[in-house]
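One structure is given below, encoded as structure tokens.
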Amino acid sequence: MNNLAILIGPTASGKTALAIAIAKALNCEVISGDSMQFYRHMDIGTAKVTPWEQEGIPHHLIDIRNPDESYTVADFQKDCYRLVEEINQRGKLPLLVGGTALYVKAIIDGYTFSRETPGNDGFRRAKAEEAVGQAPGYLYRQLLAVDPAAAARISPEDNKRIIRALEVYEKSGVPLSAQAGKNPPPYRMVLLGIRMDRAELYRKIDQRVEEMMVNGLENEVKNLLAMGYGRNLKPMQGLGYRQMTAYLTGELSLKDAVDLIKRDTRHFAKRQLTWWRREERVHWLDAASPNIKEEAASYIRQQLPEI
RNA sequence: GCCUUGGUAGCUCAGUCGGUAGAGCAGGGGACUGAAAAUCCCCGUGUCGGUGGUUCAAUUCCGCCCCAAGGCA
């Protein structure tokens, strides 16, 4: 049976460093579960592990797409399952390190994505335009008609989810609610989470944003724009990139842009916490503990005795 | 020293023609199945600067005091 260790925690909580320590102690290869680190040329704003920091530990699913190439949860799930297999075959332990909770959940719960309906930008744009000028709830009423079960779980204001549900129905003929299920992989899994005092977390976030500025976030975004990667691309709407683009086009002062990055990152961290707060499978480690590395490694050893 | 304008939620401010007050932001909680660092939902009691007075009733009107900003000297 394949083993899989997973490390989760909000942004700036210290996942990267802890992952390296665990990997060295337990002979791991790291699989990145971060929806922004898939993209090349986006290093500073995503706080991507540098080659130096990797200390020779293999890292997967980093720098695998250009910013204008799509890479979805379903793609990730497929790649991650494959990697878990391969790494186990090498006699090593895969360590999934995730900031993007949806992606990690897709792995550990085995989300079953609808087969024939990958995202279709054309459809989405057309749907969004169709709703312009219509009464509120226009798209939601369409969804109620074709997939009431999905509609019941989606807010009438949440147009992105409404459009996706309509997309699945119209492209496949099968309601989203009838396709979305779970099929967890038969792995022996250990799930570790980093817990940090909220005020401390927010201080770390502010500090990290300042460091990104010193490290040249502005130039990184300038280069992306110069390469032709515009603000409409998904990864360019990520934290740091969106606000810096607004600064570079003169819509924000530098100070306002930096303040917004900090604020939006705090909001993001808060949302990340919501995903895991009541997840009983997580074994929480205190970020303030001086022995966190040893605690992490020994917990994994204890849960996966045969590694 | 005098004049003016302010002092209301953590911040910026609105408001009460006298019946103890509400927005935005911050902050908190939640949802999440092919955009997810995205998207969306819910949560507002605070000596209304202090102190006297008028009044059945003052955060609101009046006096004095304190603080801040601007102006005149």
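Every chain is numbered from 1, with letters handed out A, B, ... down the list of sequences. All values below were derived from every heavy atom in this structure, side-chain atoms included, with hydrogens, water molecules and symmetry-related copies excluded. All values reported here derive from a predicted model rather than from experimental measurement.
Taking side-chain N and O atoms only, Arg153(A) has a distance below 4.0 Å to OP1 or OP2 of rC32(B). Regarding contacts with the backbone of rU33(B), every side-chain N or O of Arg164(A) stays at 4.0 angstrom or more from both OP1 and OP2. Arg277(A) has a side-chain polar atom (N or O) that falls below the 4.0 Å cut-off from OP1 or OP2 of rG29(B). Checking the phosphate oxygens (OP1, OP2) of rG34(B), no side-chain nitrogen or oxygen of Tyr111(A) falls inside 4.0 Å. Between Tyr103(A) and rA35(B) there is no side-chain polar atom (N or O) within less than 4.0 angstrom of OP1 or OP2. Within the 4.0 Å cut-off from OP1 or OP2 of rG28(B), not a single side-chain nitrogen or oxygen of His267(A) is found. Phosphate contact (OP1/OP2 of rG29(B), side-chain N/O of Arg198(A), threshold under 4.0 Å): present. Here Lys105(A) does not reach the OP1 or OP2 of rU33(B): none of its side-chain N or O atoms lies under 4.0 Å away. The side chain of Arg161(A) places an N or O atom within less than 4.0 Å of a non-bridging phosphate oxygen (OP1 or OP2) of rU33(B). Note on Arg263(A): every side-chain N or O is 4.0 Å or more away from OP1 and OP2 of rC25(B).
Using a 4.0 Å heavy-atom distance criterion, Asp34(A) is classed as a base contact. Counting any heavy atom pair closer than 4.0 Å across all strands shown, Gly45(A) reaches a base atom. Nucleic acid contact class of Arg124(A) (heavy atoms, under 4.0 Å, all strands): base. Here Ile154(A) lies out of heavy-atom contact (under 4.0 Å) with every strand. Residue Thr11(A) is classed as having no contact, given no heavy-atom separation below 4.0 Å to the nucleic acid. Residue contacts shown for Tyr202(A) are limited to sugar-phosphate atoms, with no base heavy atom under 4.0 Å away. Arg242(A) comes within 4.0 angstrom of sugar-phosphate atoms only, judged by non-hydrogen atoms across all strands, and of no base. Contacts of Thr274(A) with the nucleic acid, taken as non-hydrogen atoms under 4.0 Å apart, include base atoms.
One donor-acceptor pair, N or O on each side, does fall under 3.5 Å between the base of rG29(B) and the side chain of Lys270(A).
Between Tyr140(A) and Ala152(A), the shortest heavy-atom distance links the atoms OH-N, 4.4 Å. Across all their heavy atoms, Thr112(A) and Gly181(A) have their closest contact at OG1-N, 2.7 Å.
rG63(B) is paired with rU51(B) under the Watson-Crick or G-U wobble criterion, all donor-acceptor distances under 3.5 Å. rC32(B) is unpaired under the criterion used here, namely a Watson-Crick or G-U wobble arrangement in which both key atom distances are under 3.5 Å. Of the nucleotides present, rU5(B) is the one that pairs with rA68(B) by Watson-Crick or G-U wobble criteria, both distances under 3.5 Å. With both pairing distances under 3.5 Å, rA21(B) is matched to nothing as a Watson-Crick or G-U wobble pair. When both pairing distances are held under 3.5 Å, rA26(B) makes no Watson-Crick or G-U pair with any nucleotide shown. Base pairing analysis places rA57(B) opposite nothing; no Watson-Crick or G-U wobble pair with both distances below 3.5 Å involves it.
The residue among Leu273(A) and Gly240(A) whose nearest nucleotide of RNA chain B lies closer to the 5′ end is Leu273(A). Projected onto RNA chain B by closest heavy-atom contact, Asp75(A) and Thr46(A) fall at different nucleotides, the more 5' of which corresponds to Asp75(A).
Of the candidate nucleotides rU33(B), rA36(B), rC40(B), rA36(B) has the atom nearest to the side chain of Lys234(A). Between rA31(B), rA26(B), rA36(B), one nucleotide has an atom nearer to the side chain of Met36(A) than all others, and that is rA36(B).
By the 4.0 Å N-to-carboxylate-O rule, Asp34(A) lies too far from Lys15(A) to be salt-bridged with it. Taking a cutoff of 4.0 Å between a charged side-chain nitrogen and a carboxylate oxygen, Glu129(A) and Arg125(A) do not qualify as a salt bridge. Between Glu167(A) and Lys127(A), none of the side-chain N atoms (NZ, or NE/NH1/NH2) sits under 4.0 Å from a carboxylate O, so this pair counts as no salt bridge. Look at Lys262(A) and Asp206(A) and you find no salt bridge, because none of the NZ, NE, NH1 or NH2 atoms lies under 4.0 Å from a carboxylate O.
Atom CG of Leu166(A) and atom C1' of rU39(B) are 15 Å apart (whole Å). Rounded to whole angstrom, the span from the CG atom of Asp259(A) across to the P atom of rU12(B) amounts to 15 Å. The nearest whole Å value for the distance from the NZ atom in Lys78(A) to the C1' atom in rU33(B) is 17 Å. If you take CZ of Arg65(A) and P of rG34(B), they are 18 Å apart, rounded to a whole angstrom. For the pair Ile107(A) CD1 and rC32(B) C1', the computed distance is 17 Å after rounding to whole Å. Regarding Ile162(A), its CD1 atom lies at a distance of 14 Å from the C1' atom of rA31(B), rounded to whole Å. Counting to the nearest Å, the P atom of rG27(B) and the CG atom of Leu201(A) are 12 Å from each other. Rounded to whole angstrom, the span from the CG atom of Asp264(A) across to the C1' atom of rA26(B) amounts to 12 Å.
Comparing the same atom, C1', in rC43(B) and in rC64(B) gives a spacing of 42 Å after rounding to whole Å. A distance of about 39 Å separates the P atoms of rC25(B) and rG63(B), rounded to the whole Å. Taking the C1' atom of each, rA21(B) and rA9(B) are spaced 11 Å apart, rounded to whole Å. Here the separation of rC48(B) from rC61(B), taken at their C1' atoms, is 15 Å to the nearest Å. Nucleotides rU51(B) and rG27(B) have their P atoms positioned 33 Å apart, rounded to a whole Å. Of the P atoms belonging to rA14(B) and rG49(B), the separation is 13 Å, rounded to the nearest Å. rC66(B) and rA57(B) are spaced 27 Å apart, taking the C1' atom of each and rounding to whole Å. When the P atom is compared between rU54(B) and rG10(B), the two are found 33 Å apart, to the nearest whole Å.
Note: Phe38(A) and Phe76(A) have tilted aromatic rings, judged against thresholds of 30 and 60 degrees for the angle between ring planes.
Rounded to the nearest 0.5 angstrom, Leu61(A) CG and Tyr103(A) OH are separated by 11.0 Å. Remark: Leu217(A) CG to Tyr247(A) OH distance equals 11.5 Å, nearest 0.5 Å.
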